[in-house]
**Student:** 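My questions all concern the structure below.
What you are looking at is a predicted structure, and each value in this text was computed from that prediction instead of being measured. Index from 1, following the sequence.
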Amino acid sequence: MSVAADAKNVVERPPPRARGWPRSRIVGYVLIGVWVAAGGGIVAYLAFAWNSELFAKYGPSYLQGLGVTLSLVGISIVLGAILSLPVAYARMSKNRVLSGIAYCYVYFFRGTPLLVQTFLVYYGVGSFKPQLEMVGLWGFFREAFNCGVFAFALNTAAYQAEILRGAIESVPRGQWEGAASLGLHKLQTLWKIILPQALVVALRPYGNELILMIKASAIVAIITVYDLMGMAKLTYARTFDIQAYIWVAVVYLVIVEVLRHAIEWIERRITIHLKR
């Protein structure tokens, strides 16, 4: 019996450490090398093909387009955040009619391409020009920028509503019960207890949504909005120089990296109490 017990208590040794160059490691290094070579090639091309006259002539236009892009995304994100509050509330409602309407809204705007939604607003609304003139809304929808903001706000509201709903539902039910035992109203509980915890969970998805909106904003160039991508198209049409698109890609990349690091900094600041 003692021999059998000793056999059971024997700790198995870990498997020997893999040596050499396994296939996965080789493939990883090859892919990294390809990306480094591609990046170096682009940098070398931009260095050798530098055109100071092109920058002097079209640089201010790019800055103007960057301002349009940031304005479009900023306004859309804020309007979408405001609209997402009632949508998220309706999604969590026990009223089946209210919840069903909110579900259909979220399902449509998350299930169809943003390009299609933008076209539906830009080209579809024009079909109702007499009706819009009667209610005084044609002055808003006849501008391509406003149509882009409208489509983007409706789209991001659906995503933000789901982000907010998931974050709120991730907070344990005991938080609600504990607040109720202290005599707090539901709105007080939501504002002072639930939302601060939910925002920690939702920060990273909100950041991803903002980055996706920045990259998706190039769509509005198709509906004659001269944003960053629209200015790149105009520059290329006049110069036929591929640098027009390479530089706009670099600008988008810089914006995304700045936002990513800013989100990570905010996340570290608001979760500092969770680190030991």
Side-chain angles (χ1 to χ4, degrees), residues 27-78 80-81 110 113-115 117-118 144-145 148-149 151-153 155-156 159-160 163 202-269:
V27 172
Y29 277 106
V30 169
L31 292 177
I32 292 175
V34 170
W35 281 110
V36 170
I42 293 175
V43 171
Y45 171 78
L46 292 176
F48 285 109
W50 174 263
N51 189 342
S52 58
E53 295 182 358
L54 181 69
F55 259 77
K57 185 175 182 180
Y58 295 103
S61 299
Y62 272 60
L63 291 177
Q64 182 181 356
L66 177 61
V68 173
T69 295
L70 296 179
S71 299
L72 173 71
V73 175
I75 297 173
S76 301
I77 286 290
V78 172
R110 294 182 70 194
L114 180 57
L115 178 62
Q117 298 166 19
T118 305
F145 179 84
V149 168
F152 276 50
N155 178 272
T156 188
Y159 284 93
Q160 292 189 51
I163 293 171
L203 177 61
R204 187 57 66 99
Y206 268 124
N208 292 337
E209 174 63 14
L210 177 58
I211 290 173
L212 289 174
M213 288 292 291
I214 287 287
K215 294 187 289 187
S217 64
I219 290 175
V220 296
I222 304 176
I223 60 171
T224 69
V225 176
Y226 288 105
D227 66 328
L228 189 57
M229 186 62 182
M231 288 301 181
K233 288 179 60 179
L234 183 63
T235 303
Y236 182 78
R238 294 177 178 176
T239 62
F240 295 100
D241 191 339
I242 194 62
Q243 288 189 76
Y245 289 119
I246 295 178
W247 282 112
V248 79
V250 171
V251 173
Y252 277 116
L253 183 62
V254 170
I255 295 173
V256 169
E257 283 300 305
V258 170
L259 288 175
R260 185 175 67 85
H261 286 287
I263 293 165
E264 290 179 353
W265 180 82
I266 295 173
E267 187 177 29
R268 287 195 302 269
R269 294 288 297 177

**Student:** Would you find more than 12 non-hydrogen atoms of other residues, nucleotides or ligands less than 6.0 Å from Tyr245 atom OH?
**Tutor:**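 Yes.
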**Student:** Less than 4.5 Å apart, any side-chain heavy atom of Asn155 and any of Thr118?
**Tutor:**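 Of all side-chain heavy-atom pairs linking Thr118 with Asn155, none is under 4.5 Å.
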**Student:** Run Thr235 and Lys57 through side-chain contact (heavy atoms from CB on, under 4.5 Å) and show every step you take.
**Tutor:** CA-CA 10 Å; Thr235 303; Lys57 185 175 182 180; over 6 Å; no
**Student:** Restricting to non-hydrogen atoms, name the atom on Thr69 and the atom on Leu228 that form the minimum distance, rounded to 0.1 Å.
**Tutor:**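 It is OG1-N, 3.0 Å.
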**Student:** What is the minimum heavy-atom distance between Ala216 and Leu114, and which atoms define it?
**Tutor:**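 The pair with the smallest heavy-atom distance is CB-CD2, 3.7 Å.
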**Student:** Roughly how far, to the nearest 0.5 Å, is OH of Tyr159 from CG of Leu212?
**Tutor:**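 The CG atom of Leu212 sits 8.5 Å away from the OH atom of Tyr159.
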**Student:** A side-chain contact here means heavy atoms from C-beta on lying under 4.5 Å apart; do Leu72 and Val149 qualify?
**Tutor:**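 A side-chain contact exists here, since the closest heavy-atom pair is under 4.5 Å.
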**Student:** Any side-chain heavy atom of Tyr252 within less than 4.5 Å of one from Met229?
**Tutor:**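 Of all side-chain heavy-atom pairs linking Met229 with Tyr252, at least one is under 4.5 Å.
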**Student:** Could you state the interatomic distance from CG (Leu203) to CD1 (Ile266), rounded to the nearest 0.5 Å?
**Tutor:**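 Result: 6.0 Å between the selected atoms.
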**Student:** Of all the heavy-atom pairs spanning Ile214 and Ser217, show the shortest one and how long it is.
**Tutor:**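 Closest heavy-atom pair between Ile214 and Ser217: O-OG, 2.5 Å.
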**Student:** Of all heavy-atom pairs between Arg204 and Ile263, which one has the smallest distance, and what is that distance?
**Tutor:**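 So the two residues come closest at NE-CG2, 4.2 Å.
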**Student:** To the nearest 0.5 Å, tell me how far Arg238 CZ sits from Lys233 NZ.
**Tutor:**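 One finds 13.0 Å between CZ of Arg238 and NZ of Lys233.
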**Student:** Judged by atom type as modelled, is there a donor-acceptor pair below 3.5 Å linking the side chain of Tyr62 to the main-chain atoms of Ala244?
**Tutor:**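 It does hold such a pair.
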**Student:** Roughly how far apart are Ile255 CD1 and Glu257 CD, rounded to 0.5 Å?
**Tutor:**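 With rounding to 0.5 Å, CD1 (Ile255) is 11.5 Å from CD (Glu257).
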**Student:** As an exercise, state the distance from CZ of Phe145 to CD1 of Ile75, rounded to the nearest 0.5 Å.
**Tutor:**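 Nearest 0.5 Å value for the CZ-CD1 distance: 4.5 Å.
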**Student:** Do the side chains of Met231 and Leu63 get nearer than 4.5 Å, heavy atoms only?
**Tutor:**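 When only atoms from C-beta onward are counted, Met231 and Leu63 do not touch, as no gap falls below 4.5 Å.
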**Student:** Do Tyr236 and Gln243 make a side-chain contact, defined as non-hydrogen atoms from C-beta onward lying under 4.5 Å apart?
**Tutor:**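 When only atoms from C-beta onward are counted, Gln243 and Tyr236 do not touch, as no gap falls below 4.5 Å.
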**Student:** Kindly give the heavy-atom pair with the smallest separation between Ser76 and Thr156, and that separation in Å.
**Tutor:**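 Heavy-atom minimum between the residues: O-CG2, 3.5 Å.
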**Student:** Any side-chain heavy-atom pair from Met213 and Phe152 closer than 4.5 angstrom?
**Tutor:**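 Contact flag for Met213/Phe152 side chains = yes.
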**Student:** Looking at every heavy atom in both Ala221 and Asp227, which two are closest together, and how far apart are they?
**Tutor:**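 Where Ala221 meets Asp227 most closely, the heavy atoms are CB-OD1, 3.7 Å.
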**Student:** Can you confirm whether more than 12 heavy atoms, excluding those of Tyr206, are under 6.0 Å from its OH atom?
**Tutor:**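 Result for OH/Tyr206: enclosed.
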